[in-house]
Amino acid sequence: MPLTRRGLLTGAAIGGGVVVAWALFPRSYPDVLEPGRGEYAFDAWLKIAEDGVVTVAVPQLEMGQGITTVLPQVVAAELGADWRQIAVEPAPVSGSYANVPLAARWAPLWMPFAAGLAEEPDGLVAQRFAEGRRFSATADGMSLAAFEGPCRNAAAAARAMLAQAAADRWNVSWEECEAQAGFIVHGDKRLRFAELAQEASTYDPPDPPPLRSEPHGEDPLPGQIEGAGDYPRLDLPSKVDGSFMFAGDVRLPGMVFAAIRHGPVDKATLVEFNQFSTQGIRGIVGAVKGNRWLAVAATNWWAAERALDTMKARFNVEFLADSDDFEARIDDALRKGEAHRIEERGGGYDSGGNASLALRYDVEPGVHAPLETASATARFEGGRLELWVATQAPESARIAAARALGIAVEDVVLYPMPAGGSFDSRLEHDHVIEVAMIARELGRPVQLTWSRWQELLRSRPRQPASLLVTAQIGKDGQGRIEGLKTRIATPPANMEFGQRLFDNKASWAAIRDSEGAADALACEGAMPVYDIPRVAVDHVPVEIGLPCSRMRGNAHGYTAFAIESFIDEVATRHGREPLSFRISMLGQDVRLAACLQRVARLAEWDGGQDQSGKGIACHRIGDAETGGRIACIASARAGDGGVRVTRLSAIVDIGRIVNLDIARQQIEGGLVFGLAMAMGASARYRSGLPVAQRLSDLNLPALTDCPEIEVEFMASEAPPADPGELGAVVAAPAIANALYSATGLRLRRLPLLSGGL
C-alpha cells in the first residue's frame, strides 16, 4: 500500500478527531542483501564470504564525504573484523535503510500540515513515512545519526552468531568467545570468520545484540579522539589510480551517448529546431524531443554535442529570470512584506522603530558546480527500466522515472553510483527523467551527460536572501545586546523543493503552490548561540520566479554570514575586542567558547585591530546537545593584486569523532568551499540565462588562491556531529571580518568581491 499524505490521517476517532494510522502499518521487508556465490548474509547490512571478505551495505550516496568508509568502519570495529578484508556494496532501495532522523527533520516538507507529529512519539510518524516511502536520502549530515546504530546492531548480532558457531565446535559458552581481527578466539583456540560464515548464518542472533561497551571497539587516542590512521579510506586507492567508477564511467553493450539542450526555466517550451542540420556529422543515432528539452544521441558524446549546436533549438519562455528583477522583489519584501515569526526567545524582540543598530546583509544565489556534471545511464527493455545514476534520493528518482514513462515503480531498477561531487545538487532528478525517456524512444542503452553550460543553466541554485538584523544595545557603552531580530526575505525554497522531491511537481507548480509559505528551514542558523535575552527570527517569503534548491550549508550559509558580521560590527562600534566580546555572550555554550579560546592560540590572535588583517567568526549547526561547533580565524593582507586570504585556522568540536582523517578532510574542504562562496560561486541572471556559462566564470579559487589551512579538533564525548557543512558556512564571515581588519572596508554582500580576493 503506497503511503500518501492523505493516507496518513484516516477516519474519525470515537468522539471526533483524527487517528494517526501509520502505527498500524506492518513493517516487514524482503531480504534485500542478496549473497553471491560463497557468501552468506547476516541481516540487511553485511555478508561474510568463504574467503573471509566482509561486505558492508551502504545506503548513502558517496559524493566525496567518505561515507563508504565511515559506515563500514562502524561495522568492522563492532564485528571485530580485519579492515583489510572489508568491501562495500551500494545498498538497494528498501525500507530496511530508512533515514528516519532526516525524515523527521524534513517533516515540514512532506507533512507541512502536521509536521510536529514527526517528533511524537519517538518519531513514530517519521519512521513510518521513511520506511514506507523507502526514504534513504543522503543530506544534512544525518548519515551517522541514522545508520550508526543499525550498523552496530547488525555487526554485534553477526559477531554473536559467529561466536555461537565457534562455541558449539569447542563446546564452550559463546559469551566467553571474542572477535579479533577476523577471528573468533577462545583461549588459544582461533577460527577465521571465513571458516564459520556458512554455519553461523543459520543461527538466531540474541535479542538485543551484545554491543561492545565502547562505540566502534577502538582504543581512543590521547584526548579521546578515535580512528586516526586505523581506517584509511576504502575508495582512496581506486581514486588515485583512476579505476574508481563514477556515474559517468558506466559502459553497457551497445550504449550510445546523449547531449541535451534545455529551456531556461521549467515552463519553457521547445518550439523549433533544425532537424536537417546534422548531415555530415558522423555517428548520429537519433534525436529525442521533450516538452522543455532536445537531446541528440550518437556513438560519442562530442558528436551529439556538435549536432545540437547546429540544430539551434529555440524555446518559448513565459518568464525570464533577471537578477535586477528578483533583487527588487526581495528588497520590496524585506521592507514591506508580511513576515512569519519562525522562532523567538524571551518573548521575542520588535524594535518598534527604535533599534540601536540595524544593518542589512545580501546574498546572491549560490551555485553547486560539482566537478562531475549530471550524468545517468538507462536501459529500457520489455517494459522494465534500469538506471545507473548517482542520486541522493534514490526512491524519489525511481518514482519520477516511473511516472515519466507510465510504468510501475516496481519496474524501475536503480543501481546506485558514486557522484563526482554534489553539494546537494543530486537531490534533484531531472536528468533521470530525461535519460529514461531518451532510452525508451531510442530502444537502446543510453548515457546522458549534461555539458557544463547545461549544468549551470538547468541546476537550481540556493535561493538569494536579504537579511535585516536589528538590535537593542544597552546604554552602558559595552555593546551588550539586549534584543535582536533577524528579518529574512527569501523564497520558501525548501517548501518548493519538498513538493518536487515528494510530490513530483514541476518547478513552476511548486513555486506557485508554496508562494507565501513560511519556511523554517530557510531561517536555520538565524537564532544566535549568544546569550541575548530577547530574540526573534522572521521569514518574509517572496516569489521571484526562479526555481531554487538546497545547497551545501543551506540557510546557514547566509545566516552565519549575517549574524557573525553583525556581532563583529557591534564589537567594533563599541570598542570591544571581537574575541572576548563573543566569549562574554557564550555562557550557555561553553563548548563553543572553548573553541574560540583555542583558535585564538592556534592563529596567534592579536585582536584584529590596527589593520592586522585577522578576522574571527564562529557558528553552531544543530542543537546544544548534538550540534557541531566551529571557530575560525581568517588572515588576509592587501597587496598589489588586491586583498588575499593567506591563512584559515579552525578549531572544531563535533563530539565523538568516528574517523579523524575524514573529519579533517571535510572541514578543510568545507573551508575551501566557503572561500569559494566569499569569492564567487554565485549566479546572476540576464534575460532568463545565467551570466556564468563556464567554471572559469564563477571565480572559484584556484590552487594558488588557497590559503594555508590549519584544523584542530576538541576532545569530546558528545554524540557525533557532521563536519561537512561547518567550514562551508563559517569561512565567509571570518574572511569578511578579516577584510575589514585589513582594509577598513566593511562588506555586507556575498560574494564579497566580484573581482576575487
Side-chain angles (χ1 to χ4, degrees), residues 61 63 246-251 255-266 268 270 273 285-298 300-309 311-313 315 365-378 387-393 397 400-401 404 417-439 441-442 445-461 500 506-507 547-549 551 681 683 685 688-698 700:
L61 172 65
M63 45 189 171
F246 292 98
D249 295 320
V250 172
R251 297 293 182 268
M255 187 180 81
V256 294
F257 301 85
I260 198 165
R261 292 290 183 273
H262 296 108
V265 292
D266 259 16
L270 178 65
F273 60 93
V285 173
V288 179
K289 181 181 73 169
N291 290 333
R292 291 176 285 274
W293 50 266
L294 175 67
V296 171
N300 65 84
W301 184 85
W302 183 240
E305 180 72 7
R306 287 176 55 216
L308 283 168
D309 284 340
M311 295 172 77
K312 300 187 183 304
F315 298 86
V367 298
H368 306 84
L371 188 60
E372 181 188 38
T373 60
S375 181
T377 303
L387 291 168
W388 289 260
V389 63
T391 171
Q392 293 175 246
M417 299 297 298
S422 175
F423 314 124
D424 280 355
S425 63
R426 301 303 171 237
L427 283 166
E428 307 284 354
H429 43 250
D430 304 86
H431 59 306
V432 176
I433 296 172
E434 293 164 353
V435 76
M437 297 179 68
I438 297 168
E441 295 304 310
L442 295 181
V446 59
Q447 182 175 97
L448 171 66
T449 302
W450 290 3
S451 67
R452 178 60 62 186
W453 166 230
Q454 293 302 304
E455 176 90 7
L456 291 169
L457 172 66
R458 193 67 181 87
S459 294
R460 302 170 181 90
R500 287 197 307 270
S507 283
C548 298
S549 190
M551 192 182 79
Y685 292 81
L689 301 175
V691 174
Q693 299 187 16
R694 300 174 297 177
L695 282 179
S696 59
D697 297 331
L698 295 176
L700 300 176

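Counting begins at 1 with the first residue of the sequence.
Considering only heavy atoms from C-beta on, Phe273 stays 4.5 Å or farther from Arg261 through its side chain. Trp293 is listed as a side-chain neighbour of Val288, based on a closest heavy-atom distance under 4.5 Å. Gln447 has its side chain out of reach of Ile438: every pair of non-hydrogen atoms, C-beta onward, lies at least 4.5 Å apart.
In this structure Glu455 satisfies the salt bridge (Lys or Arg N to Asp or Glu O under 4.0 Å) test together with Arg426, sequence neighbours excluded. Scored by the salt bridge (Lys or Arg N to Asp or Glu O under 4.0 Å) test, Arg251 finds no partners at all (sequence neighbours excluded). Residues forming a side chain to side chain contact (heavy atoms under 4.5 Å, CB included) with Ala692 (at least two apart in sequence, or on another chain): Asp697, Leu698. Evaluation of the side chain to side chain contact (heavy atoms under 4.5 Å, CB included) rule for Ala376 yields Val389, His431, Val435 as partners, not counting sequence neighbours. Listed by chain and number, the residues in a salt bridge (Lys or Arg N to Asp or Glu O under 4.0 Å) with Arg500 are Glu428, Glu496 (sequence neighbours excluded). Residues passing the salt bridge (Lys or Arg N to Asp or Glu O under 4.0 Å) test with Glu434: none are found, sequence neighbours excluded.
Interatomic distance, Ser375 OG to Trp301 CH2, rounded to the nearest 0.5 Å: 10.5 Å. Here the OG atom belonging to Ser696 is positioned 10.5 Å from the CZ atom belonging to Arg452, to the nearest 0.5 angstrom. Taken to the nearest 0.5 Å, the CD atom of Gln454 stands 8.0 Å off from the CG atom of Leu308. Note that CD of Glu305 and CD1 of Ile260 are 10.5 Å apart. Values are rounded to the nearest 0.5 Å. With values rounded to the nearest 0.5 angstrom, Thr373 atom OG1 is found 10.0 Å from Leu456 atom CG. Note: Leu695 CG to Trp453 CH2 = 13.0 Å, rounded to the nearest 0.5 Å.
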For this session: Please test Met551 against Leu427 for side-chain contact (heavy atoms from CB on, under 4.5 Å), starting from the C-alpha separation and ending with a verdict.
Result: CA-CA 10 Å; Met551 192 182 79; Leu427 283 166; over 6 Å; no
For this session: Before giving the answer on side-chain contact (heavy atoms from CB on, under 4.5 Å), spell out for Thr391 and Val432 the whole-Å C-alpha distance, their side-chain angles and the decisive distance to 0.1 Å.
Result: CA-CA 9 Å; Thr391 171; Val432 176; 5.6 Å; no
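Across every non-hydrogen atom of Leu61 and Gln392, the tightest pair is CD2-CG, 3.5 Å. Nearest approach of Pro264 to Gly688, heavy atoms of both residues: CB-O, 3.3 Å. Closest of all the heavy-atom pairs between Ala390 and Ala419 is CB-CB, 3.6 Å. Across all their heavy atoms, Ala287 and Met311 have their closest contact at CB-CE, 4.3 Å. For the pair Leu448 and Ala259, the tightest heavy-atom approach, listed with the atom from each and the gap, is CD1-C, 4.2 Å. Across all their heavy atoms, Phe315 and Ala268 have their closest contact at CB-CB, 4.3 Å.
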